[in-house]
Amino acid sequence: MVRILPQTKAAAVNPLKSSQPLGAALAFLGIDGAMPLFHGSQGCTSFALVLFVRHFKEAIPLQTTAMDEVATILGGADHLEEAILNLKSRTKPKLIGVCTTALTETRGEDFAGDIANIRQKHAEELAGTEVVLANTPDFEGAIEEGWAKAVTAMIGRITRPGEQARQSKKIAILPGWNLTVADIEHLRDMVESFGLEPVIVPDVSGSLDGTVPDRWVTTTYGGTSVEDIRELGTAERCIVVGEHMRRPAELLHRLTGVPYTIFQSLAGLKAADRFVSLLSAISGAPVPAGVRRRRAQLQDALLDGHFHFGGKKIAIAAEPDQLYQLATFFVDMGSEIAAAVTTTNMSKILEKVPADSVQIGDIGDLEALGAGADLLVTHSHGRQAAQHLGIPLMRVGFPIFDRLGSQHKLTVLYQGTRDLIFEAANIFQANRHAPTPEALDPFRHREMPDELRSSSLARH
């Protein structure tokens, strides 16, 4: 059984994780007409905004309550009220997602009570705008928990409760934070190929896909509509991607009775087969020819690529669900997980990671544990570690700011798994060291023992 090793260092040497508020804001960015609002100081928001802009290369709508020293001591309810009313009057969002930070959480304010008072006091002014609260202190959890908390909060606040008439073709999908724009677009295409109608919450593929609108939009544009979230109870089934999305799925089930199926990973032949089989069972339709063709292409890629993976040692640093996805992918290809580092120990999925141990830590731990590995797998902050160790780096996760197109990288189902095989195999090939003559012939230039040398000279 895998051992979970706790963090013992007093400080992070090279941070691996991003904060809970950032994860919650990312989820709110997947809603059409939304405005994430950090309830804290300007610095918290500025840091998250810089990471978002560098990763997505887009204009990111993100605001702050701008808590100062006085508000920090006396309470930030007035700042929160002013920020919400200003956003409503100036940007007219359909949803304001409030993400708390360590500054306000440490003080122990009653955020839910404050927002309830603001809604009641300004009911007419806030008409047409949902205000959703996600409690996301920086000092615990990471981007994974923040994303899940925001989705849970949106379902709890907006979704209409009670058993409702089900639409047999409607499928709700709750994707994990680590699914890229390309992943979510591919999921939608796959579901639609079976004649089903997917509702994806949240849907960053509509809001962070690089589309340039024909006019300036002050909120998010594209993504899941608030009305779609409200009517989630009419879905025939909910498909959940990632263990961290179990809680919002359970809440949706309690509120509306919609059954759910969890996929802890969608990478790999078995996971993709299970997903496709579920869609076929729900729709009653056979698997389309195009999907069968992509499966055959993956089988060929598995045959072509496995030679390059056998015996390779992989060092991975990622959020728990992404760590599990990547580790199982490499092990299935015949590699060995030499080092596994993650951000928090709050996920049960860590118990299933195919490694001897999982270290809760940072990129510094990855560098220490990954010496001698054939490949480092983490985000862009791992580039210095890769350089120090002389090991190639495969960039995954968030943030990736030194490469273009990270959001359009496909990593799930048949086609995404095929692309992962090619990417990793090409890295192995590009960094392959040609054997020297000495390595091929270990007896070359070997010193001859004295007795053999004497015998040889006597014969001549």
Side-chain angles (χ1 to χ4, degrees), residues 21-40 42 44-46 48-49 52-53 56 58-67 71 76-101 104 111-134 136 146-147 149-151 153-160 181 199-232:
L22 187 147
L26 180 57
F28 288 130
L29 289 172
I31 308 302
D32 185 35
M35 178 63 74
L37 174 64
F38 274 28
H39 187 24
Q42 290 183 348
C44 296
T45 311
S46 299
L49 185 60
F52 278 140
V53 171
F56 291 103
E58 307 292 340
I60 303 293
L62 188 62
Q63 292 295 331
T64 177
T65 56
M67 295 277 286
D78 292 340
H79 279 246
L80 182 59
E81 179 179 1
E82 183 181 359
I84 290 174
L85 294 178
N86 281 340
L87 288 177
K88 173 61 177 179
S89 63
R90 295 180 181 180
T91 66
K92 296 178 174 55
K94 298 173 184 175
L95 181 145
I96 297 175
V98 180
C99 314
T100 62
T101 63
T104 51
F111 309 107
D114 291 341
I115 290 178
N117 291 334
I118 293 169
R119 289 197 195 103
Q120 184 178 10
K121 183 179 176 182
H122 303 281
E124 291 186 8
E125 297 169 74
L126 294 175
T129 297
E130 292 284 354
V131 181
V132 177
L133 169 66
T136 52
W147 171 282
K149 284 183 177 181
V151 178
M154 286 189 280
I155 292 173
R157 171 64 190 170
I158 301 171
T159 301
R160 186 156 51 93
V181 165
V199 177
I200 302 173
V201 183
D203 184 4
V204 296
S205 74
S207 57
L208 295 171
D209 64 341
T211 304
V212 179
D214 54 5
R215 58 186 176 83
W216 173 249
V217 181
T218 53
T219 62
T220 59
Y221 57 95
T224 313
S225 70
V226 171
E227 189 60 30
D228 283 340
I229 302 175
R230 185 169 288 113
E231 299 300 325
L232 281 177

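Along the sequence shown, residues carry numbers from 1. From a predicted model like this one, the values you see are computed outputs, not experimental measurements.
Nearest heavy atom pair, residue H39 against residue T65, reads ND1-OG1, 2.9 Å. Shortest non-hydrogen contact noted between E125 and K88 is O-CE, 3.0 Å. Across all non-hydrogen atoms, the minimal contact from D32 to G222 is OD1-N, 3.0 Å. Residues P93 and T129 share a closest heavy-atom pair of O-OG1, 2.6 Å. The two residues T101 and G40 make their nearest non-hydrogen contact at OG1-CA, 3.4 Å. Shown here for V132 and R157, the closest heavy-atom pair between the two residues is CG2-CG, 3.9 Å.
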**OP:** Dump the intermediate steps for side-chain contact (heavy atoms from CB on, under 4.5 Å) on M154 and T224, then the final yes or no.
**Re:** CA-CA 11 Å; M154 286 189 280; T224 313; over 6 Å; no
Report task. Could you walk me through whether T100 and L133 pass the side-chain contact (heavy atoms from CB on, under 4.5 Å) test, one step at a time? Result -> CA-CA 8 Å; T100 62; L133 169 66; 3.8 Å; yes
Does the pair L37 and T45 meet the rule for a side-chain contact (heavy atoms from CB on, under 4.5 Å), with working shown? CA-CA 9 Å; L37 174 64; T45 311; over 6 Å; no
Item to complete: For L208 and I60, run side-chain contact (heavy atoms from CB on, under 4.5 Å): C-alpha distance rounded to whole Å, both residues' side-chain angles, the deciding distance at 0.1 Å, then the answer.
Response: CA-CA 9 Å; L208 295 171; I60 303 293; 3.9 Å; yes
Counting only pairs under 3.5 Å, give me each side-chain donor-acceptor contact of residues 111-121, with atom names and distances, residues two or more places apart or in other chains.
residue : atom : partner : partner atom : Å
N117    : ND2  : G113    : O            : 3.2
R119    : NH2  : V131    : O            : 2.5
K121    : NZ   : E81     : OE2          : 3.3

Solution key, residues 22-31 side-chain donor-acceptor pairs under 3.5 Å, sequence neighbours excluded:
none

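With salt bridges taken as basic N to acidic carboxylate O contacts below 4.0 Å, none links E130 and K94.
No side-chain N or O of K149 forms a donor-acceptor pair with one of T136 less than 3.5 Å apart.
With rounding to the nearest 0.5 angstrom, the CD atom of E227 is 10.5 Å from the CG atom of L232. With values rounded to the nearest 0.5 angstrom, L87 atom CG is found 11.5 Å from K92 atom NZ. Once rounded to the nearest 0.5 Å, the distance linking CD of Q63 with CG of N86 reads 9.5 Å. The CG atom of L80 sits 9.0 Å away from the OG1 atom of T104 when rounded to the nearest 0.5 Å.
Here the side chains of P202 and V151 are in contact, with some heavy-atom distance below 4.5 Å.
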